[in-house]
Amino acid sequence: MISYLNGHYLPKGEIAISPDDRGFLFADGLYEVMRSYDGEIFQPQAHIERLSYGAEQLRFQQMEFSFLIEVAEELIGRNQLNRGDAIIYIQVTRGIAPRLHKFPPPGTSLTVYATIRPFQPKTDEMTEGINVIFVPDQRWARTDIKSIGLLPNVLAQQRAMENNAAEAVFIRDGAITEGTRSNFFAVIGGTVITRPRTNYILAGITRKMVIEICQKSSIPFQERSIFETEAHEAQELFIAGTTVEVTPVVQIEGKNVGNGKPGPITMKLQKAFAELVHGTIEVTEKNFRNKY
Ligand code: PLP
């Protein structure tokens, strides 16, 4: 696989990162995960804007990352991933410097890394639904920043796997925040509900799309906290994210949600999201060549 590091395209195996990189030493970095469908990146600008927001919040010296859209397109082309789905992974750290907590001297370049891999969506989970577990949200209070410091997510996801669950959902003060790699939604009394955007959740791009679909399709929608107790009583639950798209949650810790089957509103949103993904693909000259 050809990857990208600081302006260079190299076979992934030849890429070396310094042990003094602040990403390695302090998890002082950000990441983004974008998806491409038949070579077309979904909402690239939104991912770059979120990366810039994180860079601003972390007071990085550079906050302009739109060049990474071109890098991602290069990775698709160089790795011949114009067909099928792929995941593009971007990681930006505060760069290389002797190990001191304070920021490195002005002029220290950020480390910018990007890679790609083919992606096989979990269609069985999307059609049949998943089991989730609830775990205490032990993350820091700035989870609106897509930080590479993911230890609570790693531990929670591992616990999910050990309990035959596909996702762990974080609970803070009795209310659901989000999943380890997804935003969380409930359908209660016919209304689609998700937690408002604050410092406690990531502003998911799929979340935004789901909200737009609700608004366009006149599906009642509300942003408010969902309490853990309410989730058990909800008619439908689902998660939303770049890798999971819209995936129904049919069990919490092995207990059925509703009748234990994906709900009608969830499936309607899943279908609408798929239409949106494929409908937004403009037939540019490049696409046209790749597809026909
Ligand atoms: N919340 C968390 C903690 C995530 O890690 C992710 C995605 O990685 C999401 C939500 C969903 O965000 P998006 O839809 O932009 O992928």
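Numbering of ligands and ligand atoms starts at 1, following listing order.
The side chain to side chain donor-acceptor pair (under 3.5 Å) test applied to R197 returns no partner, not counting sequence neighbours.
Using a 4.0 Å cut-off between a side-chain N of Lys or Arg and a carboxylate O of Asp or Glu, R83 and D38 do not qualify as a salt bridge. Between D124 and K122 there is no salt bridge, since no side-chain nitrogen of the basic residue lies less than 4.0 Å from a carboxylate oxygen of the acidic one.
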Find all protein N or O atoms under 3.5 angstrom from an N or O atom of ligand 1 and list the pairs with distances, or write 'none'.
| residue | atom | partner | partner atom | Å |
| --- | --- | --- | --- | --- |
| ligand 1 | 1 (N) | E178 | OE1 | 2.7 |
| ligand 1 | 8 (O) | K146 | NZ | 2.8 |
| ligand 1 | 14 (O) | I205 | N | 3.3 |
| ligand 1 | 14 (O) | T206 | N | 2.9 |
| ligand 1 | 14 (O) | T206 | OG1 | 2.6 |
| ligand 1 | 15 (O) | R50 | NH1 | 2.8 |
| ligand 1 | 15 (O) | R50 | NH2 | 3.1 |
| ligand 1 | 15 (O) | I205 | N | 2.8 |
| ligand 1 | 16 (O) | T242 | N | 3.0 |
| ligand 1 | 16 (O) | T242 | OG1 | 2.5 |

task: Output, in order, the C-alpha distance, side-chain angles, deciding distance and verdict of ring-ring contact (aromatic ring centres under 6.0 Å, His included) for H47 and F65.
output: CA-CA 10 Å; H47 284 278; F65 296 106; over 10 Å; no
task: For T177 and D137, run side-chain hydrogen bond (donor to acceptor under 3.5 Å, both in side chains): C-alpha distance rounded to whole Å, both residues' side-chain angles, the deciding distance at 0.1 Å, then the answer.
output: CA-CA 8 Å; T177 49; D137 197 339; 2.7 Å; yes
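Between Y4 and F67, the ring planes are tilted. Angles from 30° to 60° get that label.
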